[in-house]
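See structure below.
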Amino acid sequence: MSASPARQAAIAAANYQRVSNTLAFKDSHTAALYGKNVFNEKVMQARLPKAVYKSLRKTIETGSPLDGSTADVVALALKDWALERGATHYAHIFQPLTGITAEKHDSFLEPDGKGGAVAEFNGKQLIQGEPDASSFPSGGIRATFEARGYTAWDVTSPCYLEENANGVTLCIPTAFVSWTGEVLDIKTPILRSMRALDVQARRILKLFGHENVAMVTATAGPEQEYFLIDRNFYLTRPDLLSSGRTLFGARPPKGQEFEDQYFGVIPERVLAFMHESEAELYKLGIPVKTRHNEVAPSQYEIAPIYENANVAADHQQQIMTVLKRVARQYGLECLLHEKPFAGVNGSGKHLNWSLGNGTQGNLLEPGSTPHENMQFLVFCAAVVRAVHRHAGLLRAAVASASNDHRLGANEAPPAIISIFLGDQLADVFEQLKKGAAKSSKKSGTMHLGVDTLPVLPKDAGDRNRTSPFAFTGNKFEFRAVASNQSIGAPLAALNTIMAESLDYIATKLEKAPKGKFEAAVQAVLTEIAKDNGAVIFNGNGYSEEWHQEAAKRGLPNLRTTIDCLPILASKETVAAYEKYGVLSKRELEARRDIAYEQYVKAINVEANLVVEISHTKIIPAVTRYQTEVATNVAALKAAGVAADTALLETVSSGLAAIKSAVSALETERGHHVHGLVAEAAHYCKSILPAMLEIRKAADALEAIVADDLWPLPSYEEILFISK
């Protein structure tokens with residue numbers, strides 16, 4: 001395969017050589033690694049006085065206020081534990097509205113006044129930090145000159161050690177707020193929404209006769225899809241380097257059409273990376289369970305067991321960080337963009353969500369006869385009502401310029417939010433519409449027709465990968481979440497709208513006359529099934545027929561980010577978030593404005609790259625090829641040989657097309673648009689189409705220009721070489 005010098009160098013460097021094992025897996029089971037770097041319950045119990053340990057556990061398990069005297073004792077134990085493990089610094093870890101993790105490091109060492117230094121760390125330093133709040137997105141809540149912000153220790157998420165080749169840092173998960181007390185992060189709304197969900201869920205459980213009910217907690221388990229490519233190719237693609245996706249690239253001769261990548265044998269280099277990534281995650285107490293090849297070439301997935309939603313959100317941020325860091329140790333680059341390569345499957349982050357507690361267990365567990373399980377039906381009906389009433393909010397919670405490339409593209413859920421319940425539950429809800437559910441479809445077994453193969457238990461319904469919100473046995477899977485986003489916003493939205501629905505149901509049931517509770521439950525279930533059943537859809541979400549049917553049902557089809565961002569601060573959203581103390585109207589408006597800004601900035605960076613790459617790489621390469629072809633045609637004519645000018649004409653027209661398209665994009669970028677909303681609309685409706693026209697012209701030229709002149713590594717090289 002011939003190529004330009006840069007591509008030749010990248011291809012040569014991509015030849016993977018087995019690295020020596022950095023982890024002796026054969027000598028030590030990975031179970032020994034689990035939680036090694038976490039200040040977990042086992043460590044706390046061993047290092048804290050009994051009374052302090054009990055106080056801390058009470059706060060974690062019941063949400064009760066933290067005893068102030070506890071902090072100093074915990075801080076001392078944390079410091080000693082961290083120093084013994086080689087830590088030199090501590091860091092408050094928080095999640096600002098950039099969507100990525102932020103951290104501020106401080107040394108344990110302080111001068112002792114005698115020319116030496118001592119390690120110090122107290123309760124005040126543990127509880128509160130003060131990073132600069134002026135340079136993070138705030139949506140107008142903080143002006144540039146208003147710099148003060150606070151981080152507050154989140155006792156419900158365990159502290160941990162971050163190891164580096166040259167040192168160790170104690171990491172403390174925190175919330176982040178402004179000096180005025182307004183929320184500037186992703187974590188705080190999760191915590192507030194979980195509190196609201198707990199209060200309303202316990203009201204329901206009390207009505208069902210449960211006493212001494214434990215705190216109800218939302219649980220989450222996000223499946224993370226990602227691409228791995230050789231880092232040498234990554235560094236020769238300015239578009240990947242700066243925007244996370246390829247803005248140019250013709251489809252390769254072979255893509256994913258054979259479906260031979262999905263669940264295929266994991267390549268040796270990738271498997272080595274996975275082993276090391278998982279080991280690092282085990283050390284952090286992150287319960288990763290599953291790994292496999294995904295649909296597209298060079299695409300993979302990692303999935304944890306689901307856990308407390310707040311901890312899961314922190315762990316998800318750590319998973320993304322670890323994947324990117326370890327990939328580079330193997331000469332790879334981990335791509336978390338939703339659509340890094342056009343024409344092949346994109347990446348999502350399927351958010352498995354449920355709720356439960358230590359006394360009643362999983363509250364979305366239907367049992368073998370769900371029609372008889374009234375408590376389950378109440379919680380399931382609450383989900384149906386919540387998703388139907390706030391479908392637009394859920395769509396807005398996952399909206400971004402990058403996710404717009406994925407949603408509704410026959411590879412991911414459509415932009416229409418609907419619920420898949422499966423045959424069994426859908427049938428139960430159809431019965432509820434008529435007044436009562438009297439039967440449940442049976443699960444049964446499956447005989448495979450071979451004596452040596454076991455009889456398999458068969459679920460009562462199939463799965464549906466086209467549904468954005470699917471019931472999967474004892475939890476719901478929100479499949480529309482973006483692969484590179486924090487799960488915080490979707491989690492806070494789910495918890496809040498669920499709290500609202502449970503509040504609605506509890507208020508009705510609390511008014512039921514004595515002895516009429518079961519009839520009251522039946523009436524509420526029938527009402528919800530009738531009024532909100534339109535959101536239940538078990539069919540093909542990719543089909544055009546569903547789009548037409550959804551419109552008839554009145555379900556919103558919010559195709560782009562600019563279509564749904566207004567919902568983030570709509571009257572209905574504000575009412576729900578303010579009622580349960582999750583976010584104020586001003587805080588929601590700030591988040592909406594930040595989302596608009598991020599949308600514009602993301603597309604603006606891509607537009608800058610398209611123009612730069614066109615001018616400095618593609619147009620010069622095509623011009624050289626045009627000159628070569630023209631020289632050849634002229635030489636043939638001079639020799640009296642009939643010359644075929646078709647190729648020259650095709651190249652010349654393609655070159656003219658790309659130059660014209662670049663000029664059109666530059667003109668569109670020069671238009672001055674007033675107002676953030678109008679600017680976002682301009683980028684969506686004018687800039688993106690102009691960029692696409694350039695790509696069409698460039699990708700067509702890539703298919704005919706001499707390979708040794710084309711300046712960018714091709715999809716064929718990036719996706720298939722040295723895996």
Side-chain angles (χ1 to χ4, degrees), residues 35-96 101-133 147-164 167-181 183-185 187-188 191 284-285 310-311 314 318:
K36 175 184 176 183
N37 289 349
V38 183
F39 195 72
N40 53 29
E41 185 172 353
K42 182 179 179 181
V43 178
M44 287 191 291
Q45 193 168 17
R47 289 180 173 268
L48 295 175
K50 191 173 183 179
V52 173
Y53 169 73
K54 286 185 175 181
S55 174
L56 194 60
R57 290 304 309 168
K58 182 179 179 183
T59 297
I60 295 170
E61 293 171 2
T62 68
S64 59
L66 179 68
D67 185 345
S69 62
T70 299
D72 277 327
V73 181
V74 174
L76 179 61
L78 264 173
K79 182 196 73 172
D80 290 344
W81 173 73
L83 292 177
E84 289 170 14
R85 302 291 304 280
T88 58
H89 289 69
Y90 64 91
H92 277 202
I93 306 297
F94 56 104
Q95 298 174 37
T101 300
E103 53 192 51
K104 177 187 177 185
H105 293 219
D106 288 292
S107 172
F108 283 114
L109 294 182
E110 294 186 9
D112 62 3
K114 302 176 182 178
V118 293
E120 295 288 349
F121 186 62
N122 56 41
K124 182 179 178 181
Q125 292 166 314
L126 169 62
I127 288 174
Q128 182 177 326
E130 188 180 336
D132 187 339
R148 195 180 295 277
Y150 297 120
T151 49
W153 175 35
D154 173 18
V155 67
T156 65
S157 188
C159 298
Y160 59 94
L161 298 175
E162 184 179 85
E163 293 179 318
N164 180 276
V168 177
T169 302
L170 171 65
C171 297
I172 304 161
T174 65
F176 180 47
V177 298
S178 72
W179 178 77
T180 54
V183 179
L184 295 176
D185 72 340
K187 173 182 278 284
T188 305
L191 295 171
L284 297 170
N310 176 48
V311 176
D314 284 353
Q318 291 172 269

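Everything numeric in this text was worked out from a predicted model, so none of it was measured.
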Legend entry - T156 side chain reached by V311 side chain, heavy atoms, under 4.5 Å: no

Inset, instruction - Please round to the nearest 0.5 Å and tell me the distance separating atom NZ of K54 and atom OG1 of T70. - result: 13.5 Å

Inset, instruction - Please determine if D154 and K187 form a salt bridge, counting it only when a charged side-chain N lies under 4.0 Å from a carboxylate O. - result: yes

Legend entry - Point-to-point distance, once rounded to the nearest 0.5 Å, from CE of M44 to CG of L78: 9.0 Å

Legend entry - Minimal non-hydrogen separation, F94 against E103, with atom names: CE2-N, 4.2 Å

Legend entry - Nearest-0.5 Å distance that lies between atom CD in E110 and atom CG in D112: 10.5 Å

Inset, instruction - Check the angle between the aromatic planes of H105 and H89 and answer parallel, tilted or perpendicular using the 30° and 60° thresholds. - result: tilted

Inset, instruction - Determine, for R47 against E84, whether the closest basic-nitrogen to carboxylate-oxygen distance falls under 4.0 angstrom. - result: yes

Legend entry - Rounded distance (nearest 0.5 Å) linking atom OH of Y90 with atom CG of L161: 15.0 Å

Legend entry - H92 side-chain N/O to E130 backbone N/O, donor-acceptor pair under 3.5 Å: no

Inset, instruction - Quick one: pull up OG1 in T88 and CG in D106 and give me the separation to the nearest 0.5 Å. - result: 11.0 Å

Legend entry - Main-chain N/O of G129 paired to T151 side chain as donor or acceptor, under 3.5 Å: yes

Legend entry - Least distance between heavy atoms, G35 atom then N40 atom: O-ND2, 3.5 Å

Legend entry - Closest heavy-atom pair and its distance - F39, W81: N-CH2, 3.4 Å

Legend entry - Test item: N37 and R85 side chains (from C-beta on) under 4.5 Å apart, heavy atoms: yes

Legend entry - Within-4.5 Å side-chain heavy-atom neighbours: Q95 and D314: yes

Inset, instruction - Kindly determine whether V43 and V38 satisfy side chain to side chain contact (heavy atoms under 4.5 Å, CB included), including the steps that lead there. - result: CA-CA 8 Å; V43 178; V38 183; over 6 Å; no

Legend entry - 4.5 Å side-chain heavy-atom contact, V155 and L56: yes

Inset, instruction - Would you indicate whether the side-chain heavy atoms of I93 and C171 approach each other to under 4.5 Å? - result: yes

Legend entry - Heavy-atom closest pair, residues A87 and F108: CB-CE1, 4.1 Å

Inset, instruction - Check whether any side-chain heavy atom of P96 lies under 4.5 Å from a side-chain heavy atom of D185, and answer yes or no. - result: no

Inset, instruction - Search all heavy atoms of E120 against all heavy atoms of K79 and return the closest pair with its distance. - result: C-CD, 4.1 Å

Legend entry - Side-chain touch L66/W153, heavy atoms, less than 4.5 angstrom: yes

Legend entry - Gap separating the OG1 atom of T169 from the CD atom of E163, nearest 0.5 angstrom: 10.5 Å

Inset, instruction - Provide the closest heavy-atom pair for S178 versus T180 in the form atom of the first, atom of the second, distance. - result: OG-OG1, 2.7 Å

Inset, instruction - Step by step, work out the side chain to side chain contact (heavy atoms under 4.5 Å, CB included) result for I172 and L126. - result: CA-CA 8 Å; I172 304 161; L126 169 62; 4.0 Å; yes

Legend entry - More than 12 heavy atoms from other groups under 6.0 Å of NZ on K58: no

